[in-house]
Amino acid sequence: MINTSSVSNAMIYLDHPATSWPKPPEVAAAMLHFLQEVGANPGRSGHRLSVEAARIVFAAREAVAELFGCEDALRVVFGANVTWALNQALHGYLRAGDHVITSGMEHNSMMRPLRDLERQGVEVSVVPCDHDGRLDPQRVEDALRDNTVMVALNHASNVSGTILPVREVGEITRRRGIVLLVDAAQTGGTLPLDMRRDQIDLLAFTGHKGLLGPMGTGGLILGERVDLERLRPVLQGGTGSRSESEIHPDFLPDCFESGTPNGVGLAGLNAGVRVVLARGVEAIRAHEQQLCDQLLAGLQQIRRARLYGPLDPGERVAVVSFNLEGLEPSQVGLRLDEEFNILCRVGLHCSPAAHRSLGSLPRGTVRFGIGFYSSAEEVNAALRAVERIAND
Amino acid sequence: MTEYAYFLVDSTAQAMRLEKILMDKSVECKLVPVPRQFSSDCGLCARVPKSLLEPAVKLLAAAKAAYREIVFDYA
């Protein structure tokens with residue numbers, strides 16, 4: 001892996017759960033190419049530049065489909081981010097009188113639309129997780145009701161990195177004939193994920209984290225079991241197709257992609273996903289897991305440090321939350337930035353439910369996240385910095 | 001004048017897929033705006049010389065690539 005030090009003058013970037021950085025040079029090159037050489041509206045005209053733009057968008061669709069084990073690239077629907085994707089899935093699928101099950105480790109991108117739907121008559125069950133964020137699939141099964149139509153789960157926590165048992169829950173949802181929606185914001189590109197093997201029906205992904213693309217990209221992948229007549233589009237409008245009709249199209253992907261897409265962003269996403277595919281998700285996972293192990297072991301040696309989440313790096317993605325006894329997370333974060341050039345995120349990470357499960361509400365935590373370009377030297381430097389702050 | 005087969009599709013993404021499948025197997029294919037006489041749609045369709053219709057249809061069937069219909073015209 002490339003060391004960021006040559007890019008950032010000894011700045012250590014450990015905020016990958018928020019967004020990955022730096023991006024591979026291929027991403028910037030693809031975006032520049034799109035802006036300077038292509039630039040036209042994908043699929044809105046028949047001229048050569050519009051066709052070339054549409055080819056780039058389609059290449060991104062194919063790359064994402066390959067990464068997530070989706071056989072049909074037309075079932076990859078692009079949107080602004082994973083939040084859009086979760087809103088599309090939840091608001092599009094659930095109706096008053098339906099029951100949906102989620103976990104106690106969700107991000108607000110899941111919980112806020114669910115709480116809104118609850119006010120509209122959707123029944124919502126939040127299955128509690130243990131103090132490390134683990135979810136027992138049996139508790140999901142126990143929460144099923146006659147009117148349960150969906151289980152909606154975070155694949156891994158953006159606070160503690162805890163991996164939720166998606167495949168085991170997928171077996172339950174398959175047996176019951178209900179759909180499984182998975183929020184892969186923290187696992188796309190960093191943890192092997194296959195919609196067929198893991199029995200996922202709706203997969204929400206972001207482009208700008210482990211997929212190494214730019215912000216403003218993401219989407220929803222629709223598995224073959226999803227009833228497309230039931231899933232209503234949250235946006236309707238121009239699609240570049242069936243222009244003679246004022247009725248919104250019902251075919252994929254246009255049904256869920258109204259308005260001009262983020263062509264330049266999708267050019268970057270295509271490049272980023274192809275970097276991930278070339279390296280291999282297993283190799284990326286091994287690299288990050290090794291550094292996560294190093295980080296967890298080091299933090300455990302630091303006096304006053306309290307860690308959250310499982311200590312086995314096999315049970316988590318490389319997202320590590322901790323606190324130093326007697327210090328507020330904001331104080332620690334400011335010192336890391338100003339004195340040690342270490343960039344991380346502190347506080348509640350838009351996930352009060354997860355912090356409640358982990359016992360870190362309302363204080364929050366300091367969060368280190370390891371990424372594609374992170375190195376053992378950077379992890380060591382971060383550990384030395386935390387030790388210095390802890391010993392002051 | 002050459003006679004062409006026009007594969008009409010629902011979406012731009014479908015047109016992209018048709019083009020890729022055919023071009024990967026070196027079957028001549030060009031994406032063009034849908035001729036007005038076939039549809040008032042402003043979208044694209046895949047144009048293939050009629051002489052290559054049979055291999056094109058077979059390739060698309062093997063790849064399970066959908067299209068709406070095939071129409072013919074001279075260009």
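Order of the sequence lines sets the chain letters (A, B, ...), proteins ahead of strands, with each chain counted from 1. Scope of the values below: all heavy atoms of this structure, side chains included, with no hydrogens, waters or symmetry mates.
The CZ atom of B:Phe38 sits 4.5 Å away from the CG atom of B:Asp73 when rounded to the nearest 0.5 Å. In this structure, the separation between CG on A:Asp194 and CZ on A:Arg167 is 8.5 Å, given to the nearest 0.5 Å. Distance check: A:Ile221 CD1 to A:Arg61 CZ gives 11.0 Å after rounding to the nearest 0.5 Å.
Your options are B:Ala65, B:Ala13, B:Ala15, and the one with the most heavy-atom pairs under 4.5 Å with chain A is B:Ala13.
Residue contact with chain A, scored on non-hydrogen atoms closer than 4.5 Å, involves the backbone and the side chain of B:Gln14 alike. With a threshold of 4.5 angstrom between heavy atoms, A:Glu257 does not approach chain B through any atom at all. Of the atoms belonging to A:Ala59, not a single heavy atom falls under 4.5 Å from chain B. With a 4.5 Å cut-off on non-hydrogen atoms, B:Lys64 does not touch chain A at all.
By the 30° and 60° cut-offs, the orientation of the rings of A:Phe205 relative to A:Phe68 is tilted.
Between the side chain of A:Ser45 and the backbone N or O of A:Asn41, no donor-acceptor pair lies under 3.5 Å.
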